[in-house]
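Quick caveat, the model's predicted, so the values are computed rather than measured. The chains referred to below are lettered A, B, ... by the order of the sequence lines, with proteins before strands, and numbering in each begins at 1. Side-chain atoms are counted along with the backbone in the values below, which use heavy atoms only and exclude waters and symmetry mates.
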Amino acid sequence: MSEPRMKDVSSPVPALVIRRLWKSYGQNDVLKGVSLQVEPQEVVTIIGPSGSGKSTLLQCINFMEPFDDGEVIVNGKHIGYLPNTGSTRVRMPEKQLNLLRRDIGIVFQQYNLFPHLTVLGNVIEAPIHVRGLSREEAIARGRQQLDKVGLLVKQNAYPSELSGGQQQRVAIARALAMSPQLMLFDEVTSALDPELVGEVLATMRTLAQEGMTMIVVTHEMAFARDVSDRVIFMDDGNIVESGRPDVFFSNPTHDRSKAFLRRLNGRHEPSISSALTTSA
Amino acid sequence: MDFQFDIFLASLPSLLRGAATTASLAIVSIVIGAAIGLIGGICRVSRRAVLRYPVILYVTVMRGVPLLVTLMFLYYGLPSAGILLEPVTVAIIALAAVNGAYVTEIVRGGIQSIDPGQMRAARSLGMSYSLAMQRIILPQASRRVLPPITNESLTLLKNTALVSTITLSDLLRSGLEVMTWKANTFSPFAGVALIYLLMTLPLVWLNSFLEKRYRLR
């Protein structure tokens, strides 16, 4: 099954390798053998109709959704199941899983900030209690991250006092404060009022320019086109098409991608045609 | 009506002694019950069946059997099995067990009322289940469970009156004693009712204070 792999010193370990990932809820197959490789510093956007398995794929990467078959390897380390255990798969101990999750940042559609903690409290919670940083160091790093997302002034506010866009930027800062090697974004602008989408996308754009490895599930076609190195189109639990954004948007090869883009164009919402003409 | 102010006054020292018993019984049972409820509630939401099912059984039994029956059973029934307990011990066991069962359900409800996204976010940051419980879920749940727990404590305080049936000289029984002693019914019971009311008032205030305080967020 395994092809002979050559040791290549010049190419680094891929940030993420997904092989033949299967996931089903009962009778319903959500992921049907998805394979994907992401290189360090690469920004990959995943688009596709709802129910296509995009978010599930993302949740499988940090094993918040256990998958049924296949493997996920983050920075060279298997996640979820112990590698090389023969025909029977052994779920890895929770402790090991927790250690791996520290290095994978995720931002959710619904922000999921901790409402009982201040903005700074949200950002330093995991660095102190998971990474074991001293409070002083965590605060110093946390402030740095809040400054990066432009919310240092709100460090003592509670999440409920912030706008949706601000909450989402705090959620990004919270994830970054763990110094992750890979950042996952799960439709992070979908719950936001249209006028608040821009500030969050701008934050993500900066992050991409700084060389963060990012996997972004999104409906923001302009972001996909302008920021990502690669666009992946998913439909019905499969990766249908994958390629450079300019090529994908101007010249999709697969029928289903074409149909998807046509449907987007038909809508009067910020459509792909306007997205393609208004470059950021 | 046979209210006589002098009898009312004369009965007060005796009633207050009974009230002290009632209050200490209530406080001890509330504290033990809260501890049981916290642990029970956490076990109740656990994925492990060995933790969950015994708690379900416990809650079902304690909620289904009348407190009076539990008291009678422990006090009159157990001696026939060779277990002889002091009335105070029986009272505390029964009251704390009942209170613990109700608080367990309150804590379970409180934990389950927290958006699952909170646990997901905490676990995604690398927190263990127990750390996430401790740092993220329980602090939020505690705000929601404190008002109903106060309410439950108020019920418990009033239910302590049932221990008068197992020879404990609580507030109610003191009233009954004064009644026989002074051959007057209205005056001592007016005192009994008044003292119960006065004892519950702080809990009523605490309850409305907590509800107001945690209404926002």
Side-chain angles (χ1 to χ4, degrees), chain A residues 55 58-59 61-66 79 93-118 121-132 157-161 167 170-171 173-180 182-186 191, chain B residues 34 37-38 41-52 106-150 206 209-217:
Chain A
S55 284
L58 214 57
Q59 308 282 341
I61 294 172
N62 68 357
F63 206 66
M64 285 308 288
E65 284 288 353
I79 190 164
E94 283 294 303
K95 272 193 180 147
Q96 199 177 341
L97 201 50
N98 294 337
L99 287 178
L100 292 171
R101 283 188 183 136
R102 302 191 306 187
D103 299 329
I104 307 170
I106 185 163
V107 185
F108 305 93
Q109 184 176 345
Q110 297 296 339
Y111 338 130
N112 294 340
L113 291 181
F114 306 134
H116 61 302
L117 300 176
T118 62
N122 265 274
V123 175
I124 64 174
E125 181 70 19
I128 291 175
H129 295 280
V130 177
R131 281 248 188 254
Y158 281 89
S160 57
E161 298 165 328
Q167 289 192 52
V170 173
R174 178 176 68 177
L176 290 177
M178 287 294 282
S179 321
L182 171 66
M183 281 286 284
L184 311 174
F185 294 85
D186 191 3
Chain B
L38 177 63
I42 292 170
C43 292
R44 184 66 182 72
V45 297
S46 170
R47 269 186 292 125
R48 293 184 199 169
V50 279
L51 295 178
R52 203 170 62 240
I106 292 171
V107 171
R108 175 194 60 80
I111 291 173
Q112 288 178 340
S113 75
I114 304 299
D115 176 7
Q118 292 289 308
M119 182 54 96
R120 215 176 312 132
R123 297 303 306 275
S124 296
L125 286 163
M127 291 191 198
S128 66
Y129 177 83
S130 60
L131 183 64
M133 242 334 163
Q134 206 181 306
R135 302 283 319 171
I136 306 302
I137 307 299
L138 289 180
Q140 293 181 58
S142 69
R143 295 158 193 233
R144 298 193 191 175
V145 301
L146 277 178
I149 286 178
T150 321
L206 181 63
F209 166 77
L210 289 171
E211 274 186 354
K212 240 177 258 153
R213 174 156 172 206
Y214 294 137
R215 192 171 301 151
L216 344 143
R217 185 71 257 172

**OP:** For residues Met178(A) and Leu125(B), report the shortest heavy-atom separation together with the two atoms involved.
**Re:** CE-O, 3.4 Å

**OP:** Can you see which heavy atom on Phe108(A) is nearest to which on Ser124(B), and at what distance?
**Re:** CZ-OG, 3.6 Å

Original post:
Side chain, backbone, both or neither: which part of Arg174(A) has a non-hydrogen atom closer than 4.5 Å to chain B?
Top reply: both

Original post:
Tell me, do Asp115(B) and Gln110(A) make a side-chain contact under 4.5 Å, heavy atoms counted?
Top reply: no

Original post:
With only heavy atoms counted, which part of Leu97(A) is less than 4.5 Å from chain B, the side chain, the backbone, both or neither?
Top reply: neither

Subject >> Minimum side-chain heavy-atom gap Arg123(B)-Met64(A) below 4.5 Å >> reply: yes

Subject >> From Ile128(A) atom CD1 to Arg135(B) atom CZ, the distance as rounded to the nearest 0.5 Å >> reply: 8.0 Å

Original post:
Which bit of Ile106(A) comes within less than 4.5 Å of chain B, counting heavy atoms only: side chain, backbone, both or neither?
Top reply: side chain

Subject >> Taking every non-hydrogen atom, the tightest pair across Val130(A) and Gly126(B) >> reply: CG1-O, 3.7 Å

Original post:
What are the two closest heavy atoms between Gln118(B) and Phe114(A), and how far apart are they?
Top reply: OE1-CD2, 3.1 Å

Subject >> Close side-chain approach of Tyr129(B) to Glu94(A), heavy-atom, < 4.5 Å >> reply: no

Original post:
Can you check whether Ala141(B)'s main-chain N or O pairs, donor with acceptor, with His116(A)'s side chain at less than 3.5 Å?
Top reply: no

